[in-house]
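Nothing fancy with the numbering, it's 1 onward along the sequence.
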Amino acid sequence: MRSDALLLLLAWVSLSQAWQLRKIETLDMPFAAIAEVLTDPTTGLLDVVVSSFNSAALSTDNVYVIRDVTGQIQSGKGLKAEVLTSVLLWPNEVGAVPEEVFGRADIWWGTSGFLVPTKTRGAVALMDAGIMVPATTYDISNSVQDRTDWFYHRVQWSDMNNDGRIDALTARSYLTDDGEAVAEMLWFEHPRFGNPLSRVWTPHVLFSGTDFFFRFEKMAIPGGRELEVIISAQYFAEKLVLSWVEDPSSSWSDPSKIKHRVIEEIVDERYFDIELVDLNADGQLDLLVSVNSDKNGKLVAYEIPQDFRTGAWKRHVIAEGFIPSNIIITEGNGSPGIPRAFYPEPRGDRYKPMILLTGDDDSNVYLFESTSDNDPSVWTYTMTSIFYAQGTIGGPVIKDIDGDGYAEVFIPAYSEGTLNVYTFKP
C-alpha cells in the first residue's frame, strides 16, 4: 500500500469510525524490532525501550531507550534515543523485573538469541536500568558455560517452588543439525545465597514443546479455588497447550505433578503469540491467539470454559487469509504477528476492547473493532489497516503515556528502520 493511499485510508477511518488515529512522531532507528514502555527507576517517568537485531553475521545489536518519552513528545523537538546495551545477541523482549524480586525497582530483564548465524546463543539477562549507559548486564542463564544454542523470548516472574524467592519463568528452543526443534518450558531458580545478580541461576525444566511465547496466570476453577496455569503457543510443535498443577501449594518443583491439556492441534497452524483478556465484555477471560502462516494466517479467540481443565474451549476465527507480502529469507516468512487487546479512548466509551494485530511479514498493522460493542454473543469484527511499511513489522506497544485516557501506539517498522508513534487523541 503506497503512503498516499494510506493517508486516504486514515482520513476515511477518521470520518467513518468512532475513533481517530494520528501520527505524532517518527524516529530513525535501524532494525527496530520490539517496543515496550517501562517506568524509569531514576525519574519515575515513562521510557520506551526498543530492541533491535541485525541479521548480518557478527553485527552488533542494540537495545535502545527513549528517556521520558512523554516529555520529549510534548517538547516538539523530536525523539532522541540512547543505547542501553549492545551486549545481547539478537535481543528480543525487554521488561521490568518486579520490585519484590530483589527489593529494588531498577532492574530490567532482557532475552536474546535466534536462528541466525552468529546470533544463536541467547540468554536471559538482567540490566541495571538507571541513568548510566551502557547498562551493566548480568547473564543469569549461564550462556557462557552452557554451550547449547538456546534462544529466549519472554520472562515472567513467580515463586515456582514456594521457597519465598521469586524465580524467572521462561521458554527456550534451538534447532538440531537435522532441523528438528528442541523446545522447553523451564524456570531459573533465584539463588538462596549470595548476590543473585552475580550468580548463575539453576535451570529446572518443566516440560517440552514451548518455544517462543507463553502466558503464566492464575485461573479460577469451580469451588472458588485458583490454579496457576501456563498457556503456551507451541510454534514448532503446532500445538496450543494448557499446563497446570492441582497441588494446593501450587509448587512447580515436581514436573511429574504437572497436568497438560492440548487446547488445539491443527497441522500447519503455527501458534505464535497469545494474550488472556476479556474480549467480549462478559466478565470472563478469553484467549486471544495469532496463528502465523505463509499460506493462511489467522487471528483466533477462544472462550474459556468455567472449568478450563475439562470444558470445551469455543473457537472463534476473527480473521484469516494473512500471507506475507513477499518472501524475506533473512527476516522470516509468515503472517500475522503479535496481537494486543486495548481500549483506545477513556474506558467508559466502549465495552469491548479493540485488537491491534501486526501483520509481521505482510507489512501492515491492523485494528479490529467489534461490530456489536454491547452484545457478548457477537464475535465479528471490522478490520482496518492503520499502518504500512514495506518489509517486516516488529512488536508494537500500546500505552496511554500522558494520562489523558487516550492510548498511544509505538510501532517498530523493522525493515524500514523507524519507530513510529501514533495517538488516539482527537
Side-chain angles (χ1 to χ4, degrees), residues 13 16-21 213-233 240-242 244 261-266 269 271-291 297-322 336-358 365-386 396 398-400 405-407 409 424:
V13 165
S16 61
Q17 304 284 351
W19 50 270
Q20 298 181 45
L21 188 66
F213 296 123
F214 66 93
R215 295 292 179 184
F216 179 77
E217 301 284 349
K218 288 185 177 180
M219 294 174 60
I221 59 173
R225 277 206 302 146
E226 286 188 329
L227 298 180
E228 292 179 342
V229 302
I230 298 171
I231 302 178
S232 51
L240 188 61
V241 179
L242 173 73
W244 72 95
R261 180 182 182 186
V262 176
I263 300 172
E264 194 165 72
E265 179 180 7
I266 299 177
E269 293 214 344
Y271 303 95
F272 189 61
D273 200 4
I274 57 180
E275 189 173 48
L276 281 161
V277 60
D278 182 2
L279 288 171
N280 63 337
D282 67 350
Q284 304 296 321
L285 285 177
D286 307 295
L287 184 64
L288 181 64
V289 182
S290 57
V291 182
K298 300 179 179 69
L299 179 64
V300 181
Y302 301 83
E303 292 185 74
I304 301 175
Q306 184 178 15
D307 191 333
F308 61 81
R309 302 165 298 177
T310 58
W313 290 60
K314 189 175 181 180
R315 184 182 200 245
H316 302 276
V317 177
I318 294 175
E320 61 183 322
F322 296 95
I338 294 172
R340 294 290 180 265
F342 72 105
Y343 288 89
E345 66 277 288
R347 181 66 182 267
D349 291 354
R350 68 175 65 231
Y351 293 103
K352 297 180 183 179
M354 295 180 70
I355 302 170
L356 183 141
L357 177 70
T358 64
V365 177
Y366 303 96
L367 273 184
F368 293 85
E369 185 174 22
S370 175
T371 58
S372 181
D373 184 56
N374 59 359
D375 187 345
S377 67
V378 173
W379 287 90
T380 55
Y381 287 77
T382 61
M383 182 177 81
T384 306
S385 174
I386 61 164
I398 309 161
K399 178 81 173 180
D400 174 11
Y406 292 94
V409 185
F424 282 91

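- Ile231 has its side chain out of reach of Phe308: every pair of non-hydrogen atoms, C-beta onward, lies at least 4.5 Å apart.
- By the 4.5 Å heavy-atom criterion applied to side chains, Glu303 and Asn280 are counted as neighbours.
- Residue pairs meeting the salt bridge (Lys or Arg N to Asp or Glu O under 4.0 Å) criterion with at least one member in residues 273-284, sequence neighbours excluded: Arg154-Asp273, Asp273-Arg340.
- Residue Trp19 holds its CH2 atom at 5.0 Å from OG1 of Thr384, rounded to the nearest 0.5 Å.
- A distance of 6.0 Å or more separates the ring centres of Tyr366 and Tyr381.
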Walk me through it: do Val291 and Leu240 pass the test side chain to side chain contact (heavy atoms under 4.5 Å, CB included)?
-> CA-CA 10 Å; Val291 182; Leu240 188 61; over 6 Å; no
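- One distance of note links CE of Met354 with CD of Glu345; it measures 7.5 Å at 0.5 Å rounding.
- Look at Arg315 and Glu269 and you find a salt bridge, because one of the NZ, NE, NH1 or NH2 atoms lies within 4.0 Å of a carboxylate O, short of that distance.
- With sequence neighbours left out, the side chain to side chain donor-acceptor pair (under 3.5 Å) criterion links Tyr406 to no other residue.
- Here the CE-CD1 distance, from Met219 to Ile221, works out to 10.5 Å after rounding to the nearest 0.5 Å.
- At least one donor-acceptor pair under 3.5 Å links the side chain of Arg215 to the backbone N or O of Ile274.
- Other residues, nucleotides and ligands contribute more than 12 heavy atoms inside 6.0 Å of the CZ atom of Phe342.
- Applying the side chain to side chain donor-acceptor pair (under 3.5 Å) criterion to Glu228, with sequence neighbours excluded, gives Trp252.
- Between the Lys352 side chain and the Thr371 main chain, no donor and acceptor come within less than 3.5 Å of each other.
- Nearest heavy-atom pair, Ala341 versus Leu288, reported as atom, atom and distance to 0.1 Å: N-CD2, 4.3 Å.
- Using bins of under 30°, 30° to 60° and over 60° for the plane-to-plane angle, the ring pair Trp313/Tyr302 lands in the perpendicular bin.
- Between Ile263 atom CD1 and Leu242 atom CG the span is 5.0 Å, to the nearest 0.5 Å.
- Side chain of Ser290 to main chain of Gly337: a donor-acceptor pair is present (N/O by atom type, distance under 3.5 Å, no hydrogens or angles).
- At least one side-chain heavy atom of Arg350 sits under 4.5 Å from a side-chain heavy atom of Pro344.
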